[in-house]
Amino acid sequence: MNVRLDGVVLQSLVALFVKGFGAVAAFLMNLVLARTLGVEQSGYFFLGFTVVTFLAAVTRCGFDDVILRHTAAARSQGDTQAVRQLFFRGAGVTLVVSGCVALALWLASDDLARRVFNKPEFGPVLAAIAPGVVTMAVLWLLAQSFQGLGRVSSAIIAMNVAANMVLVLIVWGTGVSTGEQAALAYSLGSVLVLAGFLMFWYRSVRGTASNAHYDTSLRTMLESAWPLWIVLLMNQLIQWTGQFVGGAYLQPEEIAQLAVAQRTALLVSFILMAVNMVVAPRFAALHAVGDLPALRKMALTAVRLMALGATPVVAVMLVFPEFLMGLFGAGFTGGSPLLQVLALGQFVNVLTGSVGYLLSMSGHERDLRNTLLLVAPVSVAITFILVPLYGALGAAISTALAVGAQNLLAVYWVKRRLGFNTLAVWRSNVRSPRP
């Protein structure tokens, strides 16, 4: 297969622009909420948003990469009917599971707030944001289908832009002043966003099946989804355990500082996410035809693009953390060291490249799963040690260490399975992979 690297670069730049808009939208949402609600009420909202983000990821049941991978393959065969079936089957399971979890979260919100997080005032926020579990889960799968179809911009807007901007407009337009009101605004706004994108997606996939008859059985999807679900669960634990443990040990002000610092640090990895939107389906296609040299060339080109874009962003966060955190209000400047630590962790994430997608798109989901099964429990244990000792800084350190460790181990598996090292961007040879 001939790889058009110039096309990859161009599409990556387009995706980077759109993803950059998404990063700005997320940053604007955090900024507006922090300055509007204040440090205490925004702390409650951000903690509730983290809970919903975690549960929405878990209740997608591992169908994220399954829908992306198989949609890209079905699209290459011209089987539009298969594309529809892939989404409907994955979303159907996710809708049932996420709906049950959202209901349980709503019913148990007060008990969770008192007994788990030791914050009775957090209960109404948790109840108000509970429907977001369903909308966020299904909207993410919809974005994966868009990505598999090659509609990168639509995928990014669905995942990172629309719901955030709707929330900002509601907050600005209605005078929201508490965490509970902001949580309710997010739940209502995300329903409207999901409905709009569902209609747009359905118009995009109208057509008939081809003679390829791509396999879209639920059994086949579940076989791939199971190891990916474990990967997803472990990934979410690594990403959000710091905030969960902090939610039980820290004051709302510290939780808000940690949440804002972590979400600001994630701006570093938006470059990684943007490039991944373009290259992930191509990784699957190249591996399917056995074109390993082209796969390697595309992966290393992506690493160079990501390192080039991320370096100045990290530099600003390391040199001017007080200025960046001060944008959210006077009560947030104390989180400057948190931003520096978390930014370094995300920089390692970017420099290692698209290792997760390289493994999952090439059929090595189990290697990715085993990596995370090792890192996540250790990360949770370290978090429970560091947070009582060092507070929010301990949460930031444990998160950064876990993010770095999981990516460096994934680099090892890519080298072993695919024969090249994503950190060695200067090399031109590819050795034979080992089984």
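Heavy atoms only: backbone and side chains are in, while hydrogens, waters and symmetry mates are out.
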Residue pairs, two or more places apart or on separate chains, that pass salt bridge (charged side-chain N to carboxylate O under 4.0 Å, His left out) and touch residues 331-352: none
Donor-acceptor contact present, side-chain Ser145 to main-chain Leu141, <3.5 Å: no
Closest contact, heavy atoms only, Leu232 versus Ala57: CD2-O, 2.7 Å
Name every donor-acceptor pair, under 3.5 Å, that has one atom in a side chain of residues 340-352 and the other anywhere in the protein, sequence neighbours excluded.
| unit_1 | atom_1 | unit_2 | atom_2 | d |
| --- | --- | --- | --- | --- |
| Gln340 | NE2 | Leu318 | O | 2.9 |
| Gln346 | OE1 | Ser269 | OG | 3.3 |
| Gln346 | OE1 | Asn349 | ND2 | 3.3 |
| Asn349 | OD1 | Asn407 | ND2 | 3.3 |
| Thr352 | OG1 | Val348 | O | 3.2 |
| Thr352 | OG1 | Asn349 | O | 2.9 |

Minimum heavy-atom distance between Cys61 and Trp229, given as atom pair plus value: CA-CD1, 3.1 Å
Audit row: Met306, Ser354, side-chain contact (heavy atoms from CB on, under 4.5 Å) steps and yes/no: CA-CA 10 Å; Met306 291 183 279; Ser354 308; 3.7 Å; yes
From CG (Leu250) to CG (Asn118), nearest 0.5 Å: 11.5 Å
Least distance between heavy atoms, Ala143 atom then Ala158 atom: CB-CB, 4.1 Å
Any residue meeting ring-ring contact (aromatic ring centres under 6.0 Å, His included) with Phe283, in chain and number order, not counting sequence neighbours: none
Any side-chain heavy-atom pair of Ile255 and Gln251 under 4.5 Å: no
Expected output: side-chain Lys119 to main-chain Phe117 donor-acceptor under 3.5 Å: yes
Donor-acceptor pair, side chain of Thr241 and main chain of Leu237, under 3.5 angstrom: yes
From Leu167 atom CG to Leu33 atom CG, the distance as rounded to the nearest 0.5 Å: 5.0 Å
Least distance between heavy atoms, Arg60 atom then Ala56 atom: CG-O, 3.0 Å
Can you give me every donor-acceptor pair (side chain of residues 388-397, partner residue at least two apart or in another chain, under 3.5 Å) with its distance?
none

Separation between OG1 of Thr135 and CG of Leu142, rounded to the nearest 0.5 Å: 12.0 Å
Partner residues of Tyr202 under the ring-ring contact (aromatic ring centres under 6.0 Å, His included) criterion, sequence neighbours left out: none
Taking every non-hydrogen atom, the tightest pair across Val205 and Arg84: O-NH1, 2.7 Å
Set of residues satisfying salt bridge (Lys or Arg N to Asp or Glu O under 4.0 Å) with respect to Asp65, sequence neighbours excluded: none
Set of residues satisfying ring-ring contact (aromatic ring centres under 6.0 Å, His included) with respect to Phe320, sequence neighbours excluded: none
Student check: side-chain heavy atoms of Leu358 and Leu418 closer than 4.5 Å: yes
Side chain Arg263, main chain Phe27, donor-acceptor under 3.5 Å: no
Stepwise side-chain contact (heavy atoms from CB on, under 4.5 Å) check, Met298 with Thr301: CA-CA 5 Å; Met298 181 175 294; Thr301 298; 5.7 Å; no
Side chain proximity check, Leu327 to Phe332, heavy atoms < 4.5 angstrom: no
Side chain to side chain donor-acceptor pair (under 3.5 Å) pairs, two or more places apart, involving residues 308-318: none
Table please: side-chain donor-acceptor pairs of residues 93-102 below 3.5 Å, with sequence neighbours left out.
| unit_1 | atom_1 | unit_2 | atom_2 | d |
| --- | --- | --- | --- | --- |
| Thr94 | OG1 | Gly90 | O | 3.0 |
| Ser98 | OG | Thr94 | O | 2.7 |
| Ser98 | OG | Leu95 | O | 3.4 |

Side-chain heavy atoms of Ser398 within contact of Phe384, under 4.5 Å: no
Gap between atom CG of Asn164 and atom CE of Met29 - 0.5 Å precision: 4.5 Å
Ring centroid separation Phe45 to Tyr186 under 6.0 Å: no
Rounded distance (nearest 0.5 Å) linking atom CG of Leu47 with atom OG of Ser42: 11.0 Å
Verdict with reasoning, Trp413 to His364, per side-chain contact (heavy atoms from CB on, under 4.5 Å): CA-CA 9 Å; Trp413 283 115; His364 296 104; over 6 Å; no
Geometric class of the Trp201/Phe87 ring pair [parallel <30°, tilted 30-60°, perpendicular >60°]: tilted
Check: Leu149 main-chain N/O paired with Arg75 side-chain donor or acceptor under 3.5 Å: yes
Trp226, CH2: over 12 other non-hydrogen atoms inside 6.0 angstrom: no
Result of checking Arg69, Gln147, Gln144 against Asp64 for side-chain contact (heavy atoms from CB on, under 4.5 Å): Gln144
Least distance between heavy atoms, Ile238 atom then Val403 atom: CG2-N, 4.0 Å
Residue list, salt bridge (Lys or Arg N to Asp or Glu O under 4.0 Å) with Glu322, at least two apart or on another chain: none
Spatial distance of atom CD1 (Ile129) from atom OG1 (Thr50) [nearest 0.5 Å]: 9.0 Å
Leu112 and Val51, any side-chain heavy atoms less than 4.5 Å apart: no
Partners meeting ring-ring contact (aromatic ring centres under 6.0 Å, His included) with Phe197 (sequence neighbours left out): none
pair Leu222-Phe63: side-chain heavy atoms closer than 4.5 Å: yes
Main-chain N/O of Gly331 paired to Gln257 side chain as donor or acceptor, under 3.5 Å: yes
Thr333 backbone acceptor or donor facing Ser336 side chain under 3.5 Å: yes
Side-chain (Gln262) to main-chain (Gln239) donor-acceptor, under 3.5 angstrom: yes
Pairwise side-chain contact, Leu68 with Tyr357, heavy-atom cut-off 4.5 Å (strictly under): yes
Inter- and intrachain pairs under ring-ring contact (aromatic ring centres under 6.0 Å, His included), touching residues 233-261, at least two apart: Phe54-Phe244
Residue pair Asp367 / Arg417, side-chain heavy-atom distance below 4.5 Å: yes
